[in-house]
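Worksheet: the structure to be examined is printed underneath.
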Amino acid sequence: HYAGALEESGQAAAAAAQMAAMARRQPQDPAQVYAYGLWLSGRDQDDAALRQLHTLPKAQWTEDIQALSDRLESQRLLDSIDREIARNRPAAARQLLQTLPPAVRAASVSNGRRVANAWLSVGDTARAAALYSELKPQAAKESPSELSALVLRDAARLETAQGRPD
């Protein structure tokens with residue numbers, strides 16, 4: 001893709017202009033909407049990516065567009081929870097956690113770990129432990145990675161703190 005080549009050659013502004021021009025030329029093309037949304041999200045411009053996706057009527061969304069939207073919305077919600085925890089506002093974080101769709105934590109081991117740690121941060125060790133019980137087998141099945149090691153470590157720390165190391 002031309003924009004990718006521009007970016008790789010150090011011309012990020014030209015690449016961004018190329019993608020924006022494509023979006024203006026083909027505003028109702030689902031493939032273009034998805035490509036530009038994905039490109040924006042790959043550059044940590046999640047809000048702009050969501051705005052791009054929403055330029056297309058939902059009736060025209062493809063599975064890929066819906067999956068990208070779901071991922072970005074999940075990320076947005078998890079980030080909000082993290083901000084509330086960082087601001088030492090556990091009640092607000094707990095309220096957001098309670099509205100979290102189950103699909104968000106099930107979307108990936110990474111999301112599940114973030115949610116489990118958030119529950120732990122707001123003092124709900126039972127929910128955190130239940131999530132880690134679900135995550136441990138998933139992490140063990142994955143090929144060895146930093147993420148799977150972190151899940152197993154965090155679960156072990158919680159089990160030890162509860163006096164029940166497995």
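The figures here come from the full heavy-atom set of this structure, side chains too, leaving out hydrogens, waters and symmetry mates. By convention here, the first residue in the shown sequence is residue 1.
Heavy atoms only, all atoms of each residue included: A116 and A128 are closest at O-CB, 3.4 Å. Residues T55 and P27 approach most closely at OG1-O, 4.4 Å, considering heavy atoms. Summarising the geometry of L53 relative to G37, their closest heavy-atom pair is CD2-CA, 4.3 Å, with the distance given to 0.1 Å. Across every non-hydrogen atom of A92 and E84, the tightest pair is CB-OE1, 3.4 Å. When every heavy atom of G123 is checked against every heavy atom of R94, the shortest pair comes out as C-NH2, 4.3 Å.
Put simply, CD on Q45 and CG on L50 are 12.0 Å apart, with the number rounded to the nearest 0.5 Å. Residue L120 holds its CG atom at 5.5 Å from CG of L158, rounded to the nearest 0.5 Å. Taken to the nearest 0.5 Å, the CG atom of D29 stands 15.0 Å off from the OH atom of Y36. Between the CG atom of D46 and the CG atom of L40 there is a distance of 9.0 Å, given to the nearest 0.5 Å. Between atom CG of residue L135 and atom CZ of residue R105 there is a gap of 9.0 Å, rounded to the nearest 0.5 Å. Atom CZ in R76 sits 4.5 Å away from atom CG in D47 (nearest 0.5 Å).
The 12-atom threshold is exceeded at CD of Q138, counting heavy atoms of other residues, nucleotides or ligands nearer than 6.0 Å. Under a cut-off of 6.0 angstrom, the local environment of CD in E63 is sparse, with at most 12 non-hydrogen atoms contributed by other residues, nucleotides or ligands.
Using a cut-off of 4.0 Å between Lys/Arg side-chain N and Asp/Glu carboxylate O, R114 and D79 are scored as salt-bridged. A salt bridge is defined here as a Lys NZ or Arg NE, NH1 or NH2 lying under 4.0 Å from an Asp or Glu carboxylate O, and E146 with R153 fails to meet this definition.
Residues I85 and P90 have side chains not in contact (no heavy-atom distance under 4.5 Å, counting atoms from C-beta outward). Put simply, the side chain of K141 does not reach to within 4.5 Å of the side chain of S148, judged on heavy atoms. Annotation: side chain of Q52 is in contact with side chain of Q32 (closest heavy-atom distance under 4.5 Å). Considering only heavy atoms from C-beta on, M19 stays 4.5 Å or farther from R43 through its side chain. Using a 4.5 Å heavy-atom threshold, the side chains of V33 and T62 count as separate. When side chains are defined from C-beta on, L68 does not count as touching I65, because their heavy atoms never get closer than 4.5 Å. Side chains of Q162 and T125 form a contact here, defined as non-hydrogen atoms less than 4.5 Å apart.
Using modelled atom types and a 3.5 Å distance limit, the side chains of S110 and R113 yield no donor-acceptor pair. Between the side chains of N117 and Y132, at least one donor N or O sits under 3.5 Å from an acceptor N or O.
Using a 4.5 Å cut-off between side-chain heavy atoms of Ile, Leu, Val, Met, Phe, Trp and Tyr, with links allowed through other members, V122 and V115 fall into the same hydrophobic cluster. Using a 4.5 Å cut-off between side-chain heavy atoms of Ile, Leu, Val, Met, Phe, Trp and Tyr, with links allowed through other members, W119 and I81 fall into the same hydrophobic cluster.
A donor-acceptor pair under 3.5 Å links the side-chain atoms of W61 to the main chain of L56, judged by distance alone. Using modelled atom types, one side-chain atom of N111 and one backbone atom of V104 make a donor-acceptor pair closer than 3.5 Å.
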